[in-house]
Amino acid sequence: MSYSTPESRTLHAAFAEKVDAVLSALEMEGTLPADTSRSNVTVEPPRDASHGDLATNAAMVLAKQAKTNPRELAGKIVEKLQADPEITEAEIAGPGFINMRLADGAWLRELATIAEFGEDYGKSNMGGGSTVNVEYVSANPTGPMHMGHCRGAVVGDALASLLEFAGHKVIREYYVNDAGGQVDVLARSAHLRYREALGETIGDIPEGLYPGDYLVPVGQYLANELGDKYQAAAEDEWLPIFRAEAVEQMMGLIKDDLALLGIHHDLFSSEAALQAAGKPEAAEEWLRKHDLVYDGVLEAPKGKAPPEDWEPVELPLFRSTKFGDDQDRPIKKSDGKWTYFGADLAYHMQKAEDADALIDIWGADHAGTVKRIKAAVAALSEGEGTPIPFDVKLVQMVQLMRAGEPLKMSKRSGNFITLAEMVDEVGKDVVRFTMLTRKPEAQMEFDFAKVVEASKDNPVFYVQYAHARIHSTLRKGAAEGFAPSVKNIELLGAEELELIKQAAQFPRMVEAAASAREAHRIAFYLYDLAGAFHAYWNLGNDNPQKRFIVAQDADLSGARLFLAAQIGQVILNGLAILGVEAVEEM
RNA sequence: GCGCCCGUAGCUCAGUCGGAUAGAGCAUCAGAUUCCUAAUCUGGGGGCCACAGGUUCGAAUCCUGUCGGGCGCACCA
């Protein structure tokens with residue numbers, strides 16, 4: 001698989017290479033020692049634009065190795081940089097920064113590059129085609145998706161897209177927890193609805209079963225499929241059948257809900273199938289062979305009062321303390337069934353077979369189990385080389401609000417806000433973008449009243465509006481006979497160049513966001529780019545000569561429309577990563 | 001009691017591998033619309049980056065401790 005914009009072709013990477021070449025030359029001359037470590041050298045835009053287009057800290061980082069002071073070393077670097085015709089200015093600043101200004105032509109060429117690559121602009125080969133498994137959502141198949149699942153779903157999906165864009169192969173995976181006690185509860189709840197569908201009066205749903213109405217059609221479906229065969233049968237006769245049927249129905253609901261958010265997984269892995277295939281047994285055997293599982297007795301929980309029925313039991317324990325966990329963890333229960341962790345351990349083993357790196361997106365309420373699963377993955381490489389890279393991303397709770405008032409949700413009464421209701425009320429794009437305008441590990445508020453306001457307070461409209469304005473202008477240009485054209489882009493001036501510089505950051509942002517595994521950076525970047533565009537647009541309010549379409553000047557109009565089209569392209573590409581539609585009209 | 005996450009402007013939040021004078025929106029004050037979409041823009045005021053130490057040329061960022069908020073803490077999922 002080849003990628004259209006290899007790293008070396010992006011503007012920033014090209015200039016980083018120029019700096020690197022200068023350092024190599026200084027090594028040849030003996031100014032720098034031959035084995036100089038450059039790992040801390042950065043070449044990036046300074047925060048303050050008045051310092052220039054790019055800055056490097058090379059002199060400060062390398063001064064010690066060169067046995068000189070930063071400013072002196074900077075002088076030698078600057079001397080060589082100035083020889084490059086595309087670097088119009090290179091000067092020493094502050095403690096030894098080197099600030100560079102690039103020739104306009106370099107930026108204009110990047111603008112043409114955007115057009116050349118189109119929807120591939122910003123793609124990177126950073127990932128080198130390596131496979132990353134992103135497991136996200138993985139909600140229990142016991143009912144429709146509710147709000148609590150939403151953030152993790154969006155964060156995981158956007159991260160998956162981001163990694164694809166950055167040159168990884170991505171497996172989007174959903175782990176179906178269809179083997180635990182709660183799917184038995186689901187099966188019993190479905191059986192009750194089945195009897196109801198066959199005409200029985202069931203009254204109130206008993207405590208401990210799922211009361212939600214969403215099981216009514218499941219009962220009807222089962223009545224149609226199975227007749228009254230299991231109406232009076234013993235539980236162990238019907239339980240496995242009802243469990244499987246109900247889970248399948250629930251997964252149908254969940255997939256429909258996810259589709260409302262534009263989320264589609266590549267792979268649904270069943271815990272029950274995993275167990276049926278004997279994977280946990282295989283894992284246990286392997287771990288015992290490496291002395292990572294032993295039979296032992298857990299201590300009573302400290303600090304808080306132990307449960308009344310606490311008693312010491314001997315269980316097979318995984319040595320997670322060896323990998324930094326606080327205590328060893330049981331992989332089997334006293335009834336001989338696998339614990340959730342025991343199965344999950346085998347599941348991660350299975351995922352690791354087909355991927356070069358693993359990422360799990362979990363809700364923050366599972367924070368307590370991160371250490372043990374990290375320990376499990378670390379244990380997989382016991383005795384054989386480097387461990388598989390593994391990240392667990394914790395997504396914090398969302399506090400739902402309406403006009404400043406917290407919304408209370410109660411699972412018991414079945415009174416929770418579903419994902420479908422949420423998407424229906426505010427729309428897919430608002431849900432997705434809003435969830436991505438905070439870093440996932442920080443708690444956030446989601447106010448139903450605020451997020452639908454069509455204002456600058458609401459970033460999704462702000463960014464989409466910029467894209468819509470661009471297309472409005474392109475339409476108007478077309479109507480008046482002006483087409484975007486790369487031919488005369490040298491007519492673009494200082495204000496346009498500022499906009500181009502902002503757009504040219506996109507490939508950098510993609511790589512930075514992908515290596516940090518933080519899709520939200522793309523959202524913030526797009527917000528800034530949209531802001532720069534809106535600011536430029538408004539210049540035309542005061543001065544008609546600064547509009548995109550200047551009726552008397554076809555060459556200039558063509559160049560500016562070309563600029564507009566490329567800004568739109570970058571917004572489109574960024575929104576595509578986030579899974580948000582780039583509307584052309586609002 | 002222990003573990004994990006968070007603490008940045010009145011509010012909601014960014015802040016790149018440690019980099020230069022810490023940013024944006026909202027709110028507030030003052031302005032811009034015979035105009036390609038004002039769902040926009042320009043400017044002002046607003047900060048002990050929770051607190052105290054440490055690391056170094058340099059700390060909101062890394063380390064230690066304290067305080068505050070959230071989540072979790074035997075075989076549940």
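Letters go in sequence order (proteins before strands), and every chain restarts at 1.
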ask   = Looking at A514(A) and L163(A), what are the two nearest heavy atoms and their distance?
value = O-CD2, 3.8 Å
Just checking [X]: base, sugar-phosphate only, or nothing, at a heavy-atom cut-off of under 4.0 Å?
X       : value
N541(A) : base
D542(A) : sugar-phosphate
A63(A)  : nothing

Pairwise [atom1] distance, [M] and [N] [rounded to whole Å]:
N      : M      : atom1 : result
C4(B)  : G65(B) : P     : 10 Å
C49(B) : G44(B) : C1'   : 23 Å
A60(B) : A20(B) : P     : 9 Å
C5(B)  : U66(B) : P     : 16 Å
G23(B) : G47(B) : C1'   : 11 Å
G3(B)  : U8(B)  : P     : 24 Å
G58(B) : C71(B) : C1'   : 36 Å
A74(B) : U16(B) : C1'   : 43 Å

request  = Mind telling me whether F390(A) and H348(A) have parallel, tilted or perpendicular rings, with 30° and 60° as the class edges?
outcome  = perpendicular
query = Using 30° and 60° as the class limits, which term best fits the ring planes of H520(A) and F524(A): parallel, tilted or perpendicular?
reply = perpendicular
task = Cation-pi check, R288(A) to Y294(A): give yes when NZ or CZ is under 6.0 Å from the six-membered ring centre and within 45° of the ring axis, no otherwise.
result = no
query = With a distance cut-off below 6.0 Å to the six-membered ring centre and an angular limit of 45° from the axis, does R560(A) pair with F548(A) as a cation-pi contact?
reply = no
key: Per L315(A) side chain, nearest of listed nucleotides U16(B), C75(B), A38(B)   = C75(B)
remark   = Those stems involving RNA chain B that have three or more consecutive Watson-Crick or G-U pairs, both distances under 3.5 Å, are B:1-7 with B:67-73, B:10-13 with B:23-26, B:28-32 with B:40-44, B:50-54 with B:62-66
inquiry  = Between Y136(A) and Y174(A) (judged by ring centroids, cut-off 6.0 Å), do the two rings come close enough to count as a pair?
reply    = no
query = Below 3.5 Å, does any donor atom in the side chain of T42(A) face an acceptor in the base of C17(B), or the other way round?
reply = no
Under 4.0 Å protein heavy-atom contact, by nucleotide of nucleotides 9-15 of chain B - B base, S sugar-phosphate only = ---SSSS
